[in-house]
Amino acid sequence: MTCSTAAGVEATALLSPRPATRPVAGRRVAQFCRTRHRSLRAAAQRPGQKSTTGADPLNGATAQSDEAAVSTGKGRQRSYGDGDGISNLQLEDLVGMIQNTEKNILLLNQARVQALEHADKILKEKEALQRKINILETKLSEADAQHKLSAEGNSSDSQLVMEFDVLKEENILLKEDIEFLKTKLIEVADTEESIFKLEKERALLEASLRELESRFIAAQADMMKLGPRKYDAWWEKVEKLEDLLETTANQVEHAALVLDHNHDLQDKLDKLDESLQAANISKFSSYLVDLLQQKVKSVEERFQACNHEMHSQIELYEHSIVEFHGTLSKLIEESEKRSLENFTGNMPSELWSRISLLIDGWLLEKKISYNDANTLREMVRKRDSRLREAYLSCRDTESREVMDNFLKMALPGTSSGLHIAHIAAEMAPVAKVGGLADVISGLGKALQKKGHLVEIILPKYDCMQVDQVSNLKVLDVLVQSYFEGNMFNNKIWTGTVEGLPVYFIEPEHPAKFFWRAQYYGEHDDFKRFSYFSRAALELLYQSGKKVDIIHCHDWQTAFVAPLYWDVYANLGFNSARICFTCHNFEYQGSAPARDLAWCGLDVEHLDRPDRMRDNSHGRINVVKGAVVYSNIVTTVSPTYALEVRSEGGRGLQDTLKVHSRKFLGILNGIDTDTWNPSTDRYLKVQYNANDLQGKAANKAALRKQLNLASAYPSQPLVGCITRLVPQKGVHLIRHAIYKTAELGGQFVLLGSSPVPDIQREFEGIAEYFQNNNNIRLLLKYDDALSHCIYAASDMFIVPSIFEPCGLTQMIAMRYGSVPIVRKTGGLNDSVFDFDDEAIPMEVRNGFTFVKADEQGLSGAMERAFNCYTRKPEVWKQLVQKDMRIDFSWDTSASQYEDIYQKAAARARAAA
């Protein structure tokens, strides 16, 4: 208790607002308490163990002082007469008292620190208040001075007041002028927007007119090709008839002359007869007259016969002319009919997409029924010419009149085509980040050409290329979708991209999910795309469409599969089957399980090892959920499909093995219209496999553009167009640069890196080779320049560590650049080694290596250089063979079409 009292006295002293001198008795008591504390601790140590260097640091460090303290404590115990009481205390009670004392001391120290901090804070506040007081005093003095000045200048107050009033009036006038200018600026902005819309519409009309003119010219050419021999025969007949007419005309002229001569002869005979009668000559003379009359009669008969023949020939000619014109009219009608049918069947896909969007807009705005909409969609699928004619004839009329004309033609029909809806985060060229965008547009167009109704659903990004969308407009309807326990409105925009109908969803959510000036890379990407997936399904559900296939892509729309089966199928929207394509298993979309609830999924139901729980950690994995819940699962090449079932699966290999029966790889294609050396507008000279002189001209042009050496035209040029990321084998690309220089070739690299260290490394390499006229590193991306590099290069390097599909090797071959690639993923499915005798010669199209090391790449490059320099004819044949390979989307689309139809057939059987 004495120790506690001393501690209390010390705390009181520390916490006192004024400094005070501690009493002498207090110091003595505190000193006695500390001394007794040490003695008791020393006494507590002796029965148990001796103090060592590993004991309590306080006891070990002050052993001697503790002993002195014990003896001093004993003496003081005797002087105070309290020795008997202490000796009677139990050891445990003493230890407890010591511990309590230590706690009290610790609390007192903490209170002291807090008190000091509080004092510092008070001092700072005091200083701040003092500064404010000084400022106020300064202002007060200034106010006093101004008051004095105003008192002295009362005589000029009226003038100041007048000037102030004038300034106020001018200020009011300026405000009015500003408001007027603002109004004018708004009007100018509106006018500019109207002009922009008109210009866009004019450009669209001009494009449509040019396309129609080209098709009309082609139709005329086809008409002339229908029966050239028939036309030649008819023209020969016309020429013969003209000759016959000319001959007949000559005969008529001759007959007319004979007739005139006959009339003269008849006059002479009459005169002769009169003379004979007057002269009464002999019977012999009468005989001669009779003979002459008979000859005249014979001449008249011959003339009549000739005249009759002439009329017969003229009638025959007229009949032939009539017959010719009749036959020619029939041919023209048939040709026009066939041309019209051909034109209808090959109408610009954009026009059919507009009609489809028009029908869907009427349905969403509840202007037509579901049955009528489905019937009209069937007519669009079948490319019904009646719809085309009605749409073209009513383009300038009210929408209601167009709708009425459409509904008059709404008759039940069937079609073998499928209704396919792609839900994706990208689409070229309107919203492109990587290869996914090319797949959406390329596959969509190929399926559309095969007679299927294809629609695309995208987010409406603020950064998308709006100028690439035709007829973009917002529908007069809002689609509500669930998210985070609330219903949010979504604006629906429609337009056509690359001839495909596209829906753009613009959420009216306070987070502004797609107004971020970029497509990916936001902190809440998981939330953004789960919202979009739910809204996309809600759009399909509310439109009442009977979709056959819903195709979602990558983790951003992988939410669609579980949402469809766990939410919308229970609402009766269950006609479709889900196809999921993972373009790269590196990105799987993982998050805490609770985040699934945002879009309305049941967390408890899905957070299981056999559903959406990740195989490596406790989070959920949306790509795994799509694999489990989809009816079809694909990736972008057969070899990559095999790789991801092992190490390449990034943790999903076991899941993919379980679902292997519905999992396959389909090699992507390329857009052969965009990548076509015979029509490429970026090239200096267009060329094809039968005429490679243009390729040499493009090589010379690129050398001149990049200031490369051009003394040896046959010097091999190696190209590389890529993102500089670890996946692409940056260490092998670096090695290829030096190896090309060693082999005496030229190297051109086009690409940049999002990784700062890699970008800096290649900037250093570029600086090292800046004075070398055989090496150029262009650390950027330039679309026009990429076309030129493909056309100019003799070889093309793709040394990827892994490559799900890869498009650059296909484009390179399309332009006659022989690929040198590592055997992985889609590279293994598209490039076959020229020296591999186990492969048929007609299939070999490049040079490959297996191990991802410099030695393997060097070997492949040396073989390619040897073939190029020592066997120029063989190399030329290889280039021509590569250029003729069909890498279009047609083959891939046929594979997708097959699995779509099988899944749709199973769905119909289960219905």
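On a predicted model such as this, the values are computed, not experimentally measured, just so you know. Count residues from 1 along the sequence.
- Residue Gln770 places its CD atom among more than 12 non-hydrogen atoms of other residues, nucleotides or ligands, all under 6.0 Å distant.
- Distance alone, capped at 3.5 Å, places no donor-acceptor pair between the Asp898 side chain and the Ser894 backbone.
- Residue Asn774 comes nearest to Gly745 through the heavy atom pair CB-O, 3.8 Å, listed as atom of the first residue, atom of the second, then distance.
- No side-chain donor-acceptor contact under 3.5 Å links Arg703 to the backbone of Leu708.
- The CG atom of Leu749 lies 12.0 Å from the NZ atom of Lys780; values are rounded to the nearest 0.5 Å.
- Dense packing is recorded around CD of Glu842, with more than 12 heavy atoms of other residues, nucleotides or ligands lying under 6.0 Å away.
- With respect to the salt-bridge test (charged N to carboxylate O, under 4.0 angstrom), the residues Asp835 and Arg844 do not qualify.
- With salt bridges taken as basic N to acidic carboxylate O contacts below 4.0 Å, one links Arg608 and Asp610.
- One finds no salt bridge joining Lys445 and Asp673 here, because no Lys/Arg side-chain nitrogen approaches an Asp/Glu carboxylate oxygen to under 4.0 Å.
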Trace of the side-chain hydrogen bond (donor to acceptor under 3.5 Å, both in side chains) decision for Asn688 with Arg884: CA-CA 9 Å; Asn688 55 47; Arg884 294 189 178 105; over 6 Å; no
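- Residues Tyr896 and His551 bring their aromatic ring centres within 6.0 Å.
- Note that the CZ atom of Phe504 and the NZ atom of Lys460 stand 8.0 Å from one another [nearest 0.5 Å].
- Glu498 has its side chain out of reach of Val430: every pair of non-hydrogen atoms, C-beta onward, lies at least 4.5 Å apart.
- Within a 6.0 Å radius of CZ in Arg516, more than 12 heavy atoms belonging to other residues, nucleotides or ligands are found.
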Criterion ring pair (Phe, Tyr, Trp, His ring centres under 6.0 Å) on Tyr461 and Tyr520, from CA distance to verdict: CA-CA 11 Å; Tyr461 300 101; Tyr520 306 132; 7.4 Å; no
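- Of the charged side-chain nitrogens involved, at least one lies within less than 4.0 Å of a carboxylate oxygen, so that Asp833 and Arg863 count as a salt-bridged pair.
- Under the 4.0 Å criterion applied to side-chain N and carboxylate O atoms, Lys512 and Asp462 are not assigned as salt-bridge partners.
- The shortest distance between side-chain heavy atoms of Val636 and Ile666 does not fall below 4.5 Å.
- Tyr519 has its side chain within reach of Met464: a pair of non-hydrogen atoms, C-beta onward, lies under 4.5 Å apart.
- Ring planes of Tyr790 and Tyr815: tilted class, angle from 30 to 60°.
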CA sep, side-chain torsions, deciding dist, call: Ile632, Ile578, side-chain contact (heavy atoms from CB on, under 4.5 Å): CA-CA 6 Å; Ile632 307 165; Ile578 306 297; over 6 Å; no
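- Here the closest heavy-atom approach between residue Pro429 and residue Val497 is recorded as CD-CG1, 3.8 Å.
- Lys624 is not listed as a side-chain neighbour of Asp614, based on a closest heavy-atom distance of 4.5 Å or more.
- Heavy-atom minimum distance, His735 versus Ser858: NE2-OG, 2.6 Å.
- By the 6.0 Å and 45° rule, Lys527 stacks over the aromatic ring of Trp598.
- With rounding to the nearest 0.5 angstrom, the OG atom of Ser637 is 11.0 Å from the CG atom of Leu664.
- The aromatic ring centres of Phe526 and Phe559 sit less than 6.0 Å apart.
- A salt bridge is defined here as a Lys NZ or Arg NE, NH1 or NH2 lying under 4.0 Å from an Asp or Glu carboxylate O, and Lys432 with Glu426 fails to meet this definition.
- The distance from atom CG of Asp438 to atom OG1 of Thr674, rounded to the nearest 0.5 Å, is 8.5 Å.
- The minimum heavy-atom distance linking Thr639 with Gly825 is given by the pair CB-O, 3.2 Å.
- Residues His553 and Ile440 have side chains in contact (heavy-atom distance under 4.5 Å, counting atoms from C-beta outward).
- By the 4.5 Å heavy-atom criterion applied to side chains, Val874 and Phe834 are counted as neighbours.
- Relative orientation of the Phe514 and Phe532 rings is perpendicular, given thresholds of 30° and 60° on the angle between their planes.
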Verdict with reasoning, Ile797 to Met861, per side-chain contact (heavy atoms from CB on, under 4.5 Å): CA-CA 9 Å; Ile797 293 284; Met861 292 183 67; 4.2 Å; yes
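- Ion pairing between Lys739 and Glu742 holds under the 4.0 Å rule for side-chain N and carboxylate O.
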Residues Ser678, Gln686; criterion side-chain hydrogen bond (donor to acceptor under 3.5 Å, both in side chains); working and verdict: CA-CA 5 Å; Ser678 64; Gln686 285 78 34; over 6 Å; no
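- Below 30°, between 30° and 60°, or above 60°: for Phe802 and Tyr640 the angle between ring planes is below 30°, a parallel geometry.
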Derivation and outcome, ring pair (Phe, Tyr, Trp, His ring centres under 6.0 Å), residues Tyr868 and Trp875: CA-CA 6 Å; Tyr868 177 87; Trp875 185 269; 5.3 Å; yes
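- Counting non-hydrogen atoms of neighbouring residues, nucleotides and ligands closer than 6.0 angstrom, the NZ atom of Lys881 exceeds 12 such neighbours.
- You'll find the side chain of Pro592 reaches within 4.5 Å of the side chain of Arg619, heavy atoms only.
- To the nearest 0.5 angstrom, Ser752 atom OG is 11.5 Å from Asp782 atom CG.
- Minimum heavy-atom separation, Thr557 to Ala425: CG2-N, 4.4 Å.
- Ion pair Glu803/Lys728 flagged as a salt bridge, since at least one NZ, NE, NH1 or NH2 atom sits closer than 4.0 Å to an Asp/Glu carboxylate oxygen.
- Counting non-hydrogen atoms of neighbouring residues, nucleotides and ligands closer than 6.0 angstrom, the OH atom of Tyr781 exceeds 12 such neighbours.
- A donor-acceptor contact shorter than 3.5 Å is absent between the side chain of Thr722 and the backbone of Leu724.
- Dense packing is recorded around NZ of Lys657, with more than 12 heavy atoms of other residues, nucleotides or ligands lying under 6.0 Å away.
- For Phe847 and Phe832, the ring centers sit 6.0 Å or farther from each other.
- Side-chain atoms of Phe529 and Val622, non-hydrogen and from C-beta on, never get closer than 4.5 Å to each other.
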Worked check of side-chain contact (heavy atoms from CB on, under 4.5 Å) between Glu763 and Leu779: CA-CA 8 Å; Glu763 287 172 353; Leu779 303 179; 3.5 Å; yes
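- In terms of heavy-atom proximity, Val725 sits nearest to Pro754 at CG1-CD, 3.6 Å.
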